Structure formats: C-alpha cells, structure tokens
Amino acid sequence: GESVGLHLPTLSVQEGDNSIINCAYSNSASDYFIWYKQESGKGPQFIIDIRSNMDKRQGQRVTVLLNKTVKHLSLQIAATQPGDSAVYFCAENFSYNQGGKLIFGQGTELSVKP
Amino acid sequence: DGGITQSPKYLFRKEGQNVTLSCEQNLNHDAMYWYRQDPGQGLRLIYYSQIVNDFQKGDIAEGYSVSREKKESFPLTVTSAQKNPTAFYLCASGFEETQYFGPGTRLLVL
C-alpha cells in the first residue's frame, strides 16, 4: 500500500509468482485512475488505466481492480519477472479539476527474486 | 520516433545561477506538465499548461518559471530563488486525463 515518508513500502516476490500492489486513493469523487511503473533513474511508464464506471480492467499480464466503496485500487501482475522490478504508483483524477490534474501516491517498490 | 524528450539528463547548478530544463513532445498533446520528484516521495506539480501561451502554477511553483510559446515545447527554468533545487525533474504531456512522462532530468547543486 501507499504511505507518506521517505521509506517506500516494499513488496518482495519470487519470479513466476503473482504480485498484488495496493493503493488507497483519497477522493471519493475521483473518476479516473492510472498505474505507472518507474524504474530507477527513469521516467514513469504508463501501465494501465481504469475509469470509475468499471471494477476491473485487464492488460497484458496486468489487471487493475477498483473498489469504490473503500476507495481502493490494486494492480495484479501475473507471472512476475525480474524486469518487473520497479516502483509502482497509482494516480487519481478528480473530474472537477481543471486541466485533468492527477494526484500521485508515493509508490510501492516491487522486488523480484530470481 | 515519437514521444517526450528531456535534456539534459544531468544538470549541475552553481549557487545563484538560473538553469533551464528542456522538454519537447511530438505527440500533438495540448497539455504539458512539470513535476518534481524527491527520494521516496510522490510527484509534486510545479507548473502546467493546457494550451499554447497559457500556463498555471502548480503546488510548488515558487522559485520556478516556465514558458509555452510552442505546442511542442515547455521549458522549465529553475531560478536562484529556489533554495533546494536538487531533485529529479519530470516533464509530462497529456491527452485528456492521461499523462505520459519523459525520461527526466536530474538536477544537482555544486
């Protein structure tokens, strides 16, 4: 999950296992969410997005689940590979914000053991 | 090769000096953004622009300035008024709510 501060939450998984990364978002009015992957020293990479009228969306090896009741978002990565090691963070968008500004979480560091 | 480019990759600033970070995109996006990232923290919005010749302050605009004279370009100047400029700076461009990021510029103070 997400937390405030200098130490990111860390998730360590074995290669080939499934990973689940969680995010608690802040505003019940948020209607659009994105998951990003950021490798060390690089810019964030778009992974998958979901709108609030959906509960689940699948991509290649990734699934995002949205639970609006408890304001919770999760990213599932199937058959995790060493190349998946990175920081993952979610972003939420308030529909009434001008310019489509996103609010970002601090992130979770995923470490994949070979 | 489409996308967002940032230059330089590393930038060194002397005390009292203004430095400019470049951001270019060829995705034909109207909106562009500048974020600052500090270790272990989320992205913080510095400035954003939804259209050419218009831009707005984000959450931490003090000590920074921008211009948006062309759709493709959104340079960020870190002025001498920014007393703690050491960070990783990320530029993004966006279509509707979705934002795509460049590779970043790491700014260090000598």
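Numbered from 1 within each chain, the chains take letters A, B, ... in sequence-line order. The figures that follow rest on heavy atoms only: side chains count, while hydrogens, waters and symmetry mates do not. Keep in mind that this is a model prediction, so the values were computed, not measured.
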* Identify whether B:Leu45 and B:Trp34 are in the same connected component of the hydrophobic contact network (ILVMFWY, side-chain heavy atoms under 4.5 Å). => no
* Are B:Ile46 and B:Phe101 connected in a single hydrophobic cluster, I mean Ile/Leu/Val/Met/Phe/Trp/Tyr linked by side-chain heavy atoms less than 4.5 Å apart? -> no
* **Hydrophobic cluster membership, A:Ile47 vs A:Tyr25, 4.5 Å side-chain cutoff** => yes
* Could you grab the distance from atom OH of B:Tyr48 to atom CG of A:Leu102, nearest 0.5 Å is fine? => 12.0 Å
* Can you get from A:Val87 to B:Leu43 by hopping between Ile, Leu, Val, Met, Phe, Trp and Tyr side chains that sit under 4.5 Å apart? -> yes
* Asked: Under 6.0 Å from the CD1 atom of B:Ile51, do we count more than 12 heavy atoms belonging to anything else shown?
  -> no
* **Greatest number of heavy atom pairs closer than 4.5 Å to chain B - which of A:Arg51, A:Glu109, A:Gln45** => A:Arg51
* To do: May I ask you to decide if the ring planes of A:Phe46 and B:Tyr100 are parallel, tilted or perpendicular, using 30° and 60° as cut-offs?
  => tilted
* What heavy-atom pair brings A:Ile34 and B:Glu97 nearest, and what distance separates the two atoms? -> CD1-O, 4.3 Å
* Indicate, with yes or no, if A:Phe33 and A:Met54 share a hydrophobic cluster defined by side-chain heavy-atom contacts under 4.5 Å among Ile, Leu, Val, Met, Phe, Trp and Tyr. => yes
* Asked: If you count heavy-atom pairs under 4.5 Å between each of A:Gly43, A:Gly41, A:Pro44, A:Ala91 and chain B, which one has the most?
  -> A:Pro44
* Structure fact -> For B:Phe88 and A:Lys42 the tightest heavy-atom approach is CE2-O, 3.6 Å
* Asked: Which atom names give the shortest non-hydrogen contact between B:Gln99 and A:Phe104, and what distance separates them?
  -> OE1-CZ, 4.4 Å
* Between B:Gln37 and chain A, which part of the residue has a heavy atom less than 4.5 Å away: side chain, backbone, both or neither? -> side chain
